[in-house]
Amino acid sequence: MAAVSTPEANDPQGTPPPPSPPAAAPPTYRPGLEGVPATQSAVCDIEGQRGLLTYRGYPIEQLASHSSFLETAYLLIWGELPTIFQLREFEQEVQMHRRLSFRIRDMMKCFPATGHPMDALQASAASLGLFYSRRALYDPQYIVDAVVRLIAKIPTMVAAFQLIRKGQDPIQPRDDLAYSANFLYMLTEREPDPLAARIFDACLILHAEHSLNASTFSARVTASTLTDPYAVVASAVGTLAGPLHGGANEDVLDMLDQIGSIDQVEPWLERAIAQKQKIMGFGHREYRVKDPRAVILQGLAEELFQRFGHDAMYDVALKLEEVAGRRLGPKGIYPNVDFYSGLVYRKLGIPRDLFTPIFAIARTAGWLAHWKEQLGANRIYRPSQIYTGPAERGWLPLESRPVPG
Ligand SMILES: CC(=O)SCCNC(=O)CCNC(=O)[C@H](O)C(C)(C)COP(=O)(O)OP(=O)(O)OC[C@H]1O[C@@H](n2cnc3c(N)ncnc32)[C@H](O)[C@@H]1OP(=O)(O)O
Ligand SMILES: O=C([O-])CC(=O)C(=O)O
């Protein structure tokens with residue numbers, strides 16, 4: 001038999017072994033992963049105390065004033081502003097892929113007209129995966145094709161469901177119209193006013209990216225399994241839909257409707273606070289000041305009111321911001337991106353339940369930037385948990401189980 005080395009064998013005096021190192025401290029559980037870095041990313045940065053937001057280093061204010069949504073999408077996904085040649089090529093590629101297969105349009109015609117457009121969008125986005133193989137995930141051309149298809153087709157899906165649910169056939173995109181103008185055209189069947197199209201495009205820029213928010217986290221988790229980008233975007237759409245995230249933009253207008261008039265703002269807010277209700281469009285995990293996007297969106301809303309007429313709902317929103325600033329401001333709760341966006345879309349004549357799908361059109365750019373970044377340094381997301389269930393126990397046959405109550 002071979003000699004076995006034991007402490008006793010090596011130490012004839014039998015000195016006890018040194019004490020084992022102290023057990024590692026149990027991991028700290030942070031609900032909602034608050035403050036826990038879950039990735040490294042070069043896409044976007046937020047300075048929440050000062051209300052600063054940059055995409056790839058460019059301040060959001062500059063992009064909203066000078067860029068276009070497609071240029072910003074290019075910046076987010078490929079990391080640098082495009083040259084004029086690169087931009088024209090990207091715009092042209094997107095324009096060429098706007099149309100939907102008749103199979104997708106037919107599938108959408110089977111959706112219940114009463115269903116929420118976010119559910120229709122999630123199903124339609126996922127269905128794109130049926131058409132394109134996922135085998136070449138790391139092929140640069142596959143990545144370009146997926147980016148172009150998703151950026152091009154998501155708006156067509158949103159507009160198509162809007163017409164289908166009204167009992168109409170979707171209309172084809174128009175090649176002579178730029179991205180946002182074409183979307184508004186497909187939605188309303190009218191060529192939009194240039195100011196309306198410009199303001200809508202700026203809204204898409206403002207919503208395009210926001211670091212590791214819930215839907216982008218969801219996109220990165222899905223991406224980390226190396227599934228296809230259509231599944232990545234579909235899972236992110238599902239996450240964006242909730243009222244604590246993108247879905248709040250729709251709820252803000254319902255809330256302003258419920259408040260009704262300026263004189264009702266204060267009593268309404270007091271009741272809401274007493275009932276521990278969340279004020280929709282207020283509060284943010286990252287910002288302790290007013291969201292810089294809300295500042296810009298408010299300006300865009302005012303531009304629209306000057307041109308197309310005032311909206312009394314805006315006065316209610318202003319009053320709510322003022323009163324809530326006094327009551328919730330000391331806790332760092334201020335308007336977020338969802339507070340003023342709905343007022344812009346309402347002025348553009350867009351139905352309320354399309355506000356979140358429009359958010360998804362814009363955020364597709366950010367999701368794709370994170371998908372690409374995740375593929376570049378992938379490790380599957382698989383965090384741990386702290387088990388709180390029962391200790392191990394034996395299975396009981398049915399007749400031996402205690403009857404509750
Ligand atoms: C695109 C976007 O996703 S932007 C966010 C859109 N969502 C909304 O507008 C919904 C309303 N807002 C909220 O629910 C939250 O502020 C969130 C989800 C955005 C952020 O949530 P968290 O960072 O987890 O903050 P949490 O919900 O824990 O709130 C912390 C405290 O602030 C209070 N608070 C936060 N937001 C609000 C609000 N909108 N109205 C009233 N109180 C609020 C909470 O009640 C809590 O108070 P407490 O400590 O006394 O219990
Ligand atoms: O960052 C967040 O948590 C939510 C948000 O504002 C966004 O996704 O635009």
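As the structure lists them, so they are numbered: ligands from 1, and atoms in each ligand from 1.
- Summary of contacts: the protein heavy atom closest to atom 3 (O) of ligand 1 is His245 ND1, 2.7 Å.
- Note that atom 7 (N) of ligand 1 has protein non-hydrogen atoms nearby, at separations under 4.0 angstrom.
- Protein heavy atom in closest approach to atom 22 (P) of ligand 1: Arg285 NE, 3.6 Å.
- Between His207 and Tyr345, the ring-plane angle classifies as tilted under the 30° and 60° cut-offs.
- For ligand 1, one of its N or O atoms has an N or O atom of Gly281 under 3.5 Å away.
- Here the heavy atom of the protein found nearest to atom 3 (O) of ligand 2 is Asn213 CB, 3.6 Å.
- Taking the centre of each ring, Phe217 and Tyr381 come in below the 6.0 Å mark.
- At a 4.0 Å heavy-atom cut-off, ligand 2 does not touch Arg285 at all.
- Using the six-membered ring where Trp is involved, Trp78 and Tyr74 have ring planes that are tilted, between 30° and 60° apart.
- There is a protein heavy atom closer than 4.0 angstrom to atom 33 (C) of ligand 1.
- Among all protein heavy atoms, the one lying closest to atom 18 (C) of ligand 1 is Leu244 O, 3.9 Å.
- Ring geometry for Tyr132 versus Tyr230: interplanar angle of 30 to 60°, hence tilted.
- Scanning all protein heavy atoms for the shortest distance to atom 47 (O) of ligand 1 gives Lys331 NZ, 3.1 Å.
- The shortest contact between atom 8 (O) of ligand 2 and any protein heavy atom is with Arg363 NH1, 2.9 Å.
- Across Gly283, Gly332, Pro335, Ser341, heavy-atom proximity to atom 19 (C) of ligand 1 is greatest for Gly283.
- Counting atoms of ligand 1 from 1 in the listed order, those under 4.0 Å from a heavy atom of His284 are 16 (O).
- Taking a 4.0 Å cut-off on heavy atoms, Asn213 fails to register as neighbouring ligand 1.
- The single protein non-hydrogen atom nearest to atom 26 (P) of ligand 1 is Lys278 NZ, 4.3 Å, given as residue, atom name and distance.
- The ligand atoms of ligand 2 that sit less than 4.0 angstrom from a heavy atom of His284 are 1 (O), 2 (C), 3 (O), 4 (C), 5 (C), 6 (O).
- Residue His210 has at least one N or O atom closer than 3.5 Å to an N or O atom of ligand 2.
- In summary, the aromatic rings of His210 and Tyr287 are positioned with their centroids under 6.0 Å apart.
- Every atom of ligand 2 is numbered from 1 in the order shown, and the set under 4.0 Å from a heavy atom of Arg293 is 5 (C), 6 (O), 7 (C), 9 (O).
- Here the protein heavy atom with the shortest distance to atom 11 (C) of ligand 1 is Phe282 O, 3.3 Å.
- Atom 35 (C) of ligand 1 has as its closest protein heavy atom Ile333 CD1, 3.7 Å.
- Contact analysis leaves Phe339 out of contact with ligand 1, as no non-hydrogen atom separation drops below 4.0 angstrom.
- With Trp268 as the fixed residue, the side-chain contact (heavy atoms from CB on, under 4.5 Å) test singles out one of Asp263, Val323, Ile279, Val316: Ile279.
- Ranking protein heavy atoms by distance to atom 40 (N) of ligand 1, first place goes to Ile279 N, 2.9 Å.
- Distances below 4.0 Å separate heavy atoms of Ala248 from the following atoms of ligand 1: 6 (C), 7 (N), 8 (C), 9 (O).
- The nearest protein heavy atom to atom 29 (O) of ligand 1 is not closer than 4.0 Å.
- Residues Asp254 and Gln258 bring no donor and acceptor atom of their side chains to less than 3.5 Å of each other.
- Contacts between Val337 and ligand 1, counted as non-hydrogen atom pairs separated by less than 4.0 Å, involve the side chain only.
- Set against the non-hydrogen atoms of Asp338, the atoms of ligand 1 under 4.0 Å away are 1 (C), 2 (C), 4 (S), 6 (C).
- Every heavy atom of Gly32 sits 4.0 Å or more from the atoms of ligand 1.
- The ligand atoms of ligand 1 that sit less than 4.0 angstrom from a heavy atom of Phe359 are 1 (C).
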